[in-house]
There are 2 protein chains.
Amino acid sequence: MGERNKKIIILKVAEKLFANNGYEGTSIRDIAREGSFNTALISYYFGSKEKLLASIFVYRLERQDQLFTAYWDKKDPLERLSSINAFYVDEFFEKRSFFVLMNQVQAFPGKYVTVKEICNELQSKINQVFSEAVEAGQQQGILREEINVPLMVAVIFGSISKIVFFRCLIFNNPDTSIKYEADIKDAVNTTLRAVVAGLILP
Amino acid sequence: MGERNKKIIILKVAEKLFANNGYEGTSIRDIAREGSFNTALISYYFGSKEKLLASIFVYRLERQDQLFTAYWDKKDPLERLSSINAFYVDEFFEKRSFFVLMNQVQAFPGKYVTVKEICNELQSKINQVFSEAVEAGQQQGILREEINVPLMVAVIFGSISKIVFFRCLIFNNPDTSIKYEADIKDAVNTTLRAVVAGLILP
DNA sequence: CCTACCGATCGGTAGG
DNA sequence: CCTACCGATCGGTAGG
């Protein structure tokens, strides 16, 4: 199987359980049981439960840099904004457990300092990407001048989070089928288009 | 001091610690230490740690019904929407720990079922209040016809949550002073006005 | 990579 | 409302 593969299996099992039951609510025994390996393997490969958590974030965020350049080379600022949004909607669905976990970590004011620093780095890059698109739009006279980018990003990611996490409320079923997945995705994208539309000059 | 007062002290101490460190991350010993009372008091008054958590939600949400009628009797639909938003922004700031906790609870897909049911009741009422305002606005030809209320509510509450919880990112300081509190509140209200503006017919 | 085990801490309660 | 304590489980590791 190889050491690298085994580590990634542990990462993904832990990611899922942490997302569902929380970091404190998941014991290393829970993780070992779910992945059918020995408890001691976690210390063996990662050093500690805390370092396992950090490793999940390093693993998930290390590839984001490449994704940045690949996705939003669109010239038109509005198209670029929509493209960035659509990209993150896809990301939320594809790596749902991870983003649930990221959302949890940020919901604890006094905890997970190391992991939050990793997230903040990504957040800065996201803000910058949005900033460039907005500035381009402003220079072309398409977008309002008074747009506050960090607040706009908060609205966009807050909306994605709430809609993806509220799915159980919208459809009254936490384990929604593929059919509903697509419906939610459409709903988020439509909603974000409305948010972006609010940024356009009348 | 009276039994009722003591119970409320325990509720508020627990609320704060749960919000900061999570339900699983807070032991009944932590709560007892912070409130300078005996560990056994929690079982004595509430039965268990889990019932203490539920009691916090019952305590915080039992008064919401009265608040509904008192706040948004405004006739004009747009004014009413703004009034509801402003009310919840105030609520988030006044009962910050509670809403941080509520946000946490909802961030765990497989946990806190009892507490989530209490939240869902409130959520339904909130959706209904927004629904009435939106329908009134549509009948008067002010608001777009295609507004999806649950999604709109998700955008509004997602935005409030993210901005209030992202304060540390915006100001790079988790323990913001009163001056900054006011700044954040202004920012949220401005942002929500932009969201509502997106609902108006062009 | 597993067995066997450590000290610490957990939620909870019997008895007063 | 406190003391003293229970059994269970926690994260982690020595030794192989």
Side-chain angles (χ1 to χ4, degrees), chain A residues 1-59 101 104-105 108 110-116, chain B residues 1-59 101 104-105 108 110-116:
Chain A
M1 170 170 307
E3 185 180 311
R4 166 93 181 150
N5 283 335
K6 190 78 182 186
K7 282 185 78 171
I8 291 179
I9 287 175
I10 298 175
L11 283 176
K12 291 191 175 173
V13 169
E15 178 184 76
K16 183 182 137 196
L17 292 185
F18 286 160
N20 284 338
N21 307 315
Y23 173 74
E24 315 275 351
T26 306
S27 70
I28 56 174
R29 281 162 183 80
D30 292 333
I31 300 168
R33 199 182 311 118
E34 176 82 11
S36 303
F37 50 80
N38 193 281
T39 310
L41 264 195
I42 291 171
S43 299
Y44 177 68
Y45 277 131
F46 298 97
S48 69
K49 189 189 173 189
E50 212 178 329
K51 285 178 185 166
L52 168 59
L53 178 71
S55 298
I56 293 172
F57 281 78
V58 170
Y59 170 68
L101 179 56
Q104 273 171 31
V105 162
F108 295 97
K111 299 188 82 173
Y112 312 119
V113 187
T114 316
V115 169
K116 275 183 195 160
Chain B
M1 170 171 304
E3 186 180 311
R4 167 91 181 152
N5 282 338
K6 189 80 182 185
K7 282 186 79 172
I8 291 179
I9 287 174
I10 297 175
L11 282 176
K12 291 190 173 172
V13 169
E15 180 185 75
K16 182 183 137 196
L17 292 185
F18 286 160
N20 284 338
N21 307 316
Y23 173 74
E24 315 275 352
T26 306
S27 70
I28 55 173
R29 283 164 182 79
D30 292 333
I31 301 169
R33 199 182 311 118
E34 175 82 12
S36 303
F37 49 79
N38 194 280
T39 309
L41 264 196
I42 290 171
S43 300
Y44 177 69
Y45 277 131
F46 298 96
S48 69
K49 188 189 174 189
E50 211 178 330
K51 286 179 185 167
L52 168 60
L53 178 70
S55 299
I56 293 171
F57 281 80
V58 170
Y59 170 69
L101 179 57
Q104 272 171 29
V105 162
F108 294 97
K111 300 189 80 175
Y112 312 118
V113 188
T114 317
V115 169
K116 274 182 195 160

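Per chain, numbering begins at 1; letters A, B, ... match sequence-line order.
In K49(A), the NZ atom is crowded: over 12 heavy atoms of neighbouring residues, nucleotides or ligands sit closer than 6.0 Å.
When the side-chain hydrogen bond (donor to acceptor under 3.5 Å, both in side chains) test is applied to E50(A), no partner is found at least two apart in sequence or on another chain.
Listed for the Q104(B) side chain is a donor-acceptor partner under 3.5 Å among the backbone atoms of A19(B). In this structure a side-chain-to-backbone donor-acceptor pair under 3.5 Å is present from K116(B) to K111(B).
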**Complete:** Whether each nucleotide of nucleotides 8-13 of chain C has a protein heavy atom under 4.0 Å at its base (B), only at its sugar-phosphate (S) or at neither (-) is summarised, 5' to 3', as --BBBB

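Rounding to the nearest 0.5 Å gives a distance of 12.0 Å between CG of N38(A) and OH of Y44(A).
Residue Y45(A) is in sugar-phosphate contact alone, with no base atom involved, counting any heavy-atom pair closer than 4.0 Å across all strands shown.
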**Request:** Test I56(A) against V115(A) for side-chain contact (heavy atoms from CB on, under 4.5 Å), laying out the working first.
**Result:** CA-CA 9 Å; I56(A) 293 172; V115(A) 169; over 6 Å; no

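Between F46(B) and K51(B) the shortest heavy-atom distance is O-CB, 3.2 Å. Between K6(A) and L41(A), the shortest heavy-atom contact is CE-CD1, 3.6 Å.
Consecutive Watson-Crick or G-U pairs involving DNA chain C, each under 3.5 Å on both distances, make up stems of three or more pairs at C:1-16 with D:1-16.
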